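These notes concern the structure reproduced below.
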Amino acid sequence: MTSPLAPRVASLAPMALAVALAAAIVALLAAILALSGFDVAPALTALLRGAVGSPYAIFSATLVRATPLILTGLAVALAFKGGILNIGAEGQLLAGATAGATVALFAGESLGAGALLLALAASAGGGAAWAAIPAWLRRRFGVLEVISTIMMNFIALYGVGYLVRGPLQEPTRIYPQSSSLPAATHLPILVPGTRLHVGFALAVVATLLAWYVVRQFAAGFRLRVIGANPHAAASAAKLDVPAVTMRAFLLSGALAGLAGGVELTGVTYALYENLSPGYGYTAIAVALLAGLHPGLVLVSGIFLGALEAGAASMQREAGVPLVLVSVVEALIILAIVGARAVLARRGRAAVEVGT
Amino acid sequence: MTEALTAFLEATVRTATPLAFAALGETVSERAGVINVGLEGVIIAGCFGAVVGAQTGSLTAGMLGGLAAGIAAALVFALFVVGLRTDQIITGTALTLGALGLTGTLYRAVFGTTGAALTIPTMRPVPIPWLADIPVVGPAFFRQPVVTYGLYATVVMVWWVLYRTHAGLALRAVGERPEAAEAAGIRPGRVQAVAVLVAGALGGIAGASLVMAQVGTFAEGMSAGRGFIAIAIVALGRWRPVGVALAALLFGGASALQYLFQSAGTQLPYQLFLALPYVLTLVVLAAGMARAHPPAALGRRELGNH
């Protein structure tokens, strides 16, 4: 017997949990800062200022950083939803940026504006191609994609390292990076007077598309069923599990690759090794924080974008190392999986009592 | 040529040592049904612990520091995975992310942001009389730091515990049929927690030996994927201690190839050699997984009637 109030209380629980989570994260962040010997108040002030302290901070720092996080977050969320543990968004992002840079550098002058679209398409294709290898290894040999995608991340990193010192190096051969992309292949600015580029709008559109697909279409239903229980999906629903998994894996890679292309044509304008400060890894926190919900990825992507923007200013103004962010992200993930495990156990206990 | 070969084999064993320690620990934990993708985080914690311990100037303190840090990292993992039954893969990923960030932060907080390379005492090779004089293989296997000899002993010990003791039998039972093990009076959760902590200790030693017998300093993210390679090594070694040790040698060889080619004066780009162990991991996983039999309960969240 459930009272009408119960569902409403249940729907409030995640909100309360989120607030408690945010408070816990700030408290833990303060504790880590204090333990590491930093002054807590100025550091946290710098964090806030750098993330949301001014229109410049919001548009040119937070949302610019959120853009690749939303796209890679979507990539991870879609994969996880389909039961694919794609930890390789970082490598797929780099592969996408490499493919995009190659197209933009060789076709940018001749094709003009079309080159930008072609470069973005190439980056999505590059990411999908990079994901295709672990996807094939899983399908053909049963290789755990957790390990293979991480290996692909390292291979991508060294691959870019080679290219920007070899075939793609800028003509003076001094810096380990490619030439600057032709102006025609730069993404237009979205908000005049800031650094926010059209890539953010692209990320929002991708979010809505992913949300719509997962919610409305048979494709989304298949993905969710397979993610929930691949055996039942194959035997009861007669789904071609390997084919759906393969498509989801490639789509995930394409989104991560697009993130690389957008970062390249919207922010860096050149290819180099440190193009991504670990966006592909942060993406896991983005996706989990959103509960793998594509619509919420937009929110969690902006939240973690703000956190990273704030951390950058914390490093500049208070000398706090940037890597501290990954500690916070890890704590977020642990808090979520821990809370979910506790709630699931309570739920089960309640069911057992009820029967 | 013999000289180059000896140097190559010596480098092979040296680079294989941390990998083998980590992979042996992971073998113990996986045989109990727990895959710790956070091994990378355990290793970097061990690296940092060793640097802190070695500040006393004592190698033993460095080793103990690495050991303690590895166990501490594994304790976090055990609390979530065994205590709360959270997803092993996601929890492990978080552990790696957190340990990489925390060690990086603490390193800069404790040792300054100057970036000046911190030097610590390193382990020198201790040749074993007679054995070290065997041509080619002698120096490779028996003119190594003490920690490598500790590795040889660890291989034997892990084998003995797994296959010749009641504790080992209980551990393997939990990894294969947790329900049956529980019916036989074994507490699966407790066995898994101990296995994860043992793996943490060995992962910590792996990090310590990386710092003190190989690199000689600490750098952010210096574990560089060794934890993930070690997990691949466990699969390649078919979850058996001796097989795992041999698989670790293969990967040590892949990393050591760059010394061989450098001495031969090749023009191949060095990134090729840096990427080689990762490519090799993919190839051996593809070749090895087809016929491999991982522990039946590996990665399972629920263990029977809880």
Side-chain angles (χ1 to χ4, degrees), chain A residues 32-33 35-38 80 85 87 133-134 136-138 140-144 146-148 150-163 165-166 278 281-282 284-285 288 319-342 344-345, chain B residues 35 37 40-41 76 79-80 83-87 89-110 113 220-221 224-225 227-229 231-232 235 269-282 285-290 292 294 299 301 306:
Chain A
I32 297 169
L33 283 170
L35 284 174
S36 311
F38 295 103
F80 279 24
L85 288 163
I87 315 288
I133 298 169
W136 177 74
L137 286 172
R138 169 176 150 144
R140 176 71 182 78
F141 300 104
V143 173
L144 274 180
V146 176
I147 298 172
S148 59
I150 289 169
M151 295 298 121
M152 294 298 288
N153 288 347
F154 284 101
I155 297 169
L157 190 63
Y158 291 127
V160 172
Y162 164 69
L163 288 174
R165 288 181 185 82
Y281 297 106
T282 308
I284 300 164
L288 289 175
V320 177
L322 200 56
V323 281
L324 188 69
V325 185
S326 55
V327 182
V328 176
E329 285 158 7
L331 291 173
I332 291 174
I333 298 175
L334 287 180
I336 290 170
V337 292
R340 203 177 286 159
V342 170
R345 185 168 295 187
Chain B
I35 181 165
V37 183
E40 177 80 6
V76 175
L79 281 177
F80 277 84
L84 295 173
R85 294 270 145 217
T86 56
D87 183 272
I89 304 278
I90 292 174
T91 310
T93 308
L95 177 63
T96 295
L97 200 63
L100 285 172
L102 194 60
T103 52
T105 306
L106 288 176
Y107 179 66
R108 290 198 210 176
V110 177
T113 49
E220 216 177 287
F228 302 109
I229 292 179
I231 292 170
Y270 72 93
Q271 288 92 355
L272 190 73
F273 297 105
L274 291 175
L276 190 63
Y278 307 102
V279 177
L280 186 69
T281 306
L282 291 179
L285 278 177
M289 291 305 276
R301 283 176 63 183
H306 274 260

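Just so we're on the same page: letters track the sequence lines, and every chain starts at 1. This one's a predicted model, so the numbers in the text were calculated from it and none came from an experiment. We use all heavy atoms of the structure for the numbers below, so side chains are in, but hydrogens, waters and symmetry mates are not.
- Only the side chain of B:Val37 comes within less than 4.5 Å of a heavy atom of chain A; its backbone N, CA, C and O stay farther away.
- B:Leu102 touches chain A through backbone and side chain together, each having a heavy atom under 4.5 Å away.
- Counting only N and O atoms by type, the side chains of A:Tyr281 and A:Asn153 include a donor and acceptor under 3.5 Å apart.
- Remark: B:Thr93 pairs with no residue by the side-chain hydrogen bond (donor to acceptor under 3.5 Å, both in side chains) rule, at least two apart or across chains.
- Classification of the A:Phe141-A:Trp136 ring pair by plane angle, with boundaries at 30° and 60°, yields perpendicular.
- Per-residue counts of heavy-atom pairs under 4.5 Å with chain A were compared for B:Ile90, B:Leu272, B:Leu276; the largest is that of B:Ile90.
- At a 4.5 Å heavy-atom cutoff, B:Leu79 makes no contact with chain A through either its backbone or its side chain.
- For the set B:Ala224, B:Gly92, B:Gly221, B:Ala232, the entry with the most heavy-atom pairs within less than 4.5 Å of chain A is B:Ala224.
- For A:Phe38, the ring pair (Phe, Tyr, Trp, His ring centres under 6.0 Å) criterion is met by no residue, not counting sequence neighbours.
- Residue contact with chain A, scored on non-hydrogen atoms closer than 4.5 Å, involves the side chain of B:Phe80 exclusively.
- Side-chain atoms of B:Glu40 come within 3.5 Å of backbone atoms of B:Gly225 as a donor-acceptor pair (strictly under, hydrogens ignored).
- B:Leu84 touches chain A through backbone and side chain together, each having a heavy atom under 4.5 Å away.
- Using a 4.5 Å cut-off between heavy atoms, A:Leu324 contacts chain B through both its backbone and its side chain.
- Note: A:Leu334 leads A:Ile150, A:Ile133, A:Thr282, A:Leu334 in heavy-atom pairs under 4.5 Å with chain B.
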